[in-house]
Amino acid sequence: MAEDGLAKFSLRQNVDLMVERAFSVLELDEGLANAIRACQAVIQLTFPVEIKGKVEVFSGWRAVHSTHRLPVKGGIRFAPIVDQDEVEGLASLMTYKCAIVDVPFGGSKGGLKIDPRNYTREEMQRITRRFARELASRGFLSPALNVPAPDVGTGQREMAWIADTYKQLFPEDINYQACVTGKPVHHGGIRGRVEATGRGVQYGIHEFFRHGADVKEAGLNPGLGGQRVVVQGFGNVGFHAAKFLSEEDEAKIIAIVERDGFLFHEDGINVAQAREYLTANDSLRGYPDAEFCEDRDLGLEIDCDILIPAALEGVIHSENADRIKARLIVEAANGPITFEADEILKKKGVAVLPDSLMNAGGVVVSYFEWIRNLSHIRFGRIERRFDEMRGQHIISALESMTNNKVPDWMRSEIIRGADELDLVRSGLDDTMRLAYNEIREQKLTHDAVTDLRTAAYVIAVRKISRSYLDLGVY
Ligand code: GLU
């Protein structure tokens, strides 16, 4: 669903062309490369639902790219222009993404061709439940085999309906809650999942800025504070990334690009206020504290330090890549840069933090949610008070040995036991840091690897091929 229709290659071809670079760096056997590239299974479902007294027929897909690990994992998107090729391409991206961040899942993706804005909540519920039933009855929805999650056009609400449908079909499955992630917290979800992809983007950028040499090579000044950021797409991912970067890191969000134009203010836009405005008005047009321009394409070409495409694939393509002025592009969406554009940006010396790492925050926290569901207990429940007590003892020991009182702020830091959100954030931060460093190291130590995307794919392909070779191909 390349937004502009300008892309020469489909999403799937774009992913394959990019991964091809890693195959050649690794001099991978052609047969093995073909096995890794192939999408192992895809199901197309066509089903009727009665809407306002009339029967409507809906089409959806679920693609399974690689089962070298089970379950396979990946979101379900609800959008008017989903198709099989896109779903297959996104499924393959999930395989590589999971391998890069060491999440033990294969890759999958689903899509339903629908514009949710045209249906009521009750209609969406019936359509979603029917889709879930079709998937479950064919083994494409299961805690052990295939675990969907939110994506474009879906969220907690749809995941709760999917989980409940599975539970009704398989009430004897004690792990029914783990059949889908991204659920509301009171239905087995995990704290921190909604904002996880945006958080992952922030943690990934933090790690990039910890490496002075990388920042310098990109032509940026050190430190994230004051950097001029443009965010394209103000949905869940774009909003959270922009919010955290502006509120916690003091970066300046100078533009927010949406479907019908973009907002601009050189001193920075108040992200929370802009989001409230968007929710109330379904557009950023007319927002009082910034200028609105109707030409959304120009938004991507604004002179800025960091550009964060956070919506759909293919928005940076061969026609506009040359006009991009950002020094660093952070791919918060799946596949926002086409293969051709990637080549152009490389020649221009624009640094790119690739999607396969930068938008992995969602699936990382989904992994935590799946573990929580399988273990049937909230993280931190057992040890939190014990940790607090131990902190208390340490403070008492310090005070009695030094005859000094520990200041209150230090006391509360030391005695605080970690709750679920602390642990989720800690796990996500650790994952993003480790993966960035592994990718960076790969780029530095291999002459044939000149960019982080290829470095990431080299790591992913090495892990996946090892798993194929260890087990043999049967
Ligand atoms: N839809 C998200 C993605 O593209 C999340 C997938 C998941 O949590 O399984 O990565």
Side-chain angles (χ1 to χ4, degrees), residues 1 11-12 15 61-66 69-79 82 86-112 135 140-143 145-156 158-160 162-163 177-184 188-201 204 233 235-238 240-241 309-313 331-336 354-373 424 427-428 431-432 435 456 460:
M1 136 169 116
L11 174 78
R12 187 175 166 187
V15 176
W61 294 264
R62 183 89 180 151
V64 173
H65 173 254
S66 175
R69 296 267 187 280
L70 281 177
V72 290
K73 191 85 189 76
I76 291 190
R77 66 174 51 174
F78 285 1
V82 178
E86 179 191 52
V87 169
E88 288 185 15
L90 291 166
S92 68
L93 203 49
M94 285 307 303
T95 299
Y96 304 120
K97 206 190 295 187
C98 290
I100 289 161
V101 290
D102 256 331
V103 162
F105 295 143
S108 182
K109 200 78 168 199
L112 183 67
L135 290 170
F140 282 76
L141 170 67
S142 140
L145 299 176
N146 196 324
V147 182
D151 200 84
V152 175
T154 55
Q156 289 188 327
E158 288 73 18
M159 301 307 117
I162 292 173
Q177 281 193 323
C179 75
V180 68
T181 58
K183 302 175 292 293
I190 195 166
R191 286 161 187 82
R193 175 62 185 84
V194 173
E195 66 273 29
T197 313
R199 243 325 146 205
V201 169
N236 180 39
V237 179
H240 281 109
L312 297 176
E313 54 264 24
E331 292 186 305
N334 286 304
D355 49 1
S356 50
L357 169 67
M358 295 309 286
N359 78 16
V363 76
V364 169
V365 177
S366 276
Y367 171 44
F368 301 155
E369 180 174 332
W370 184 74
I371 294 170
R372 175 194 161 146
N373 294 151
V424 163
L428 177 58
T431 305
M432 297 304 291

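Note that ligands are numbered from 1 as they come in the structure, with each ligand's atoms numbered from 1 the same way. Computed from a predicted model, the values in this text were never measured in an experiment. Residue indices begin at 1 and follow the sequence shown.
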- Residue part near ligand 1, for Arg193, under 4.0 Å between non-hydrogen atoms: side chain
- Query: Would a distance-only check, ignoring hydrogens and angles, find a side-chain to backbone donor-acceptor pair under 3.5 Å from Ser108 to Ala91?
  - Reply: no
- Query: Can you tell me how far the OG1 atom of Thr197 sits from the NE2 atom of His240, to the nearest 0.5 Å?
  - Reply: 10.0 Å
- Can you tell which part of Asn334 has a heavy atom less than 4.0 Å from ligand 1: side chain, backbone, both or neither? side chain
- Glu313 and Arg77 ion-paired at < 4.0 Å: yes
- Task: For Lys183 and Gln177, indicate whether the former's side chain and the latter's backbone hold a donor-acceptor pair under 3.5 Å.
- Result: yes
- Query: Can you name the one residue among Glu369, Arg193, Lys73 that meets side chain to side chain donor-acceptor pair (under 3.5 Å) with Thr181?
  - Reply: Lys73
- Message: Which heavy atom of Asn373 sits nearest to which heavy atom of Val180, and what is that distance?
- Response: OD1-O, 4.3 Å
- Do me a favour and list the nearest non-hydrogen protein atom to atom 7 (C) of ligand 1 with residue, atom name and distance? Ala149 CB, 3.2 Å
- Item | Proximity to ligand 1 by part of Pro150, non-hydrogen separation under 4.0 Å | backbone
- Message: Any non-hydrogen side-chain atom of Ile76 less than 4.5 Å from a side-chain atom of Glu158?
- Response: no
- Task: Please test Asp355 against Leu93 for side-chain contact (heavy atoms from CB on, under 4.5 Å), starting from the C-alpha separation and ending with a verdict.
- Result: CA-CA 9 Å; Asp355 49 1; Leu93 203 49; 3.5 Å; yes
- Protein residue, atom and distance nearest to atom 9 (O) of ligand 1, heavy-atom basis: Lys73 NZ, 2.9 Å
- For Gly362, take its heavy atoms, then give the atoms of ligand 1 lying under 4.0 Å from any of them. 8 (O)
- Query: Any idea which atoms of ligand 1 are less than 4.0 Å away from a heavy-atom of Met94?
  - Reply: 3 (C), 4 (O), 6 (C), 10 (O)
- Query: In the protein, which heavy atom is nearest to atom 8 (O) of ligand 1, and how far is it?
  - Reply: Ser366 OG, 2.6 Å
- How close does the nearest protein non-hydrogen atom get to atom 4 (O) of ligand 1, and which residue and atom is it? Lys109 NZ, 2.8 Å
- Query: What atoms in ligand 1 come closer than 4.0 Å to a heavy atom of Gly75?
  - Reply: 1 (N), 6 (C)
- Just jot down the ligand 1 atoms closer than 4.0 angstrom to any heavy atom of Lys97, in number order. 3 (C), 4 (O), 10 (O)
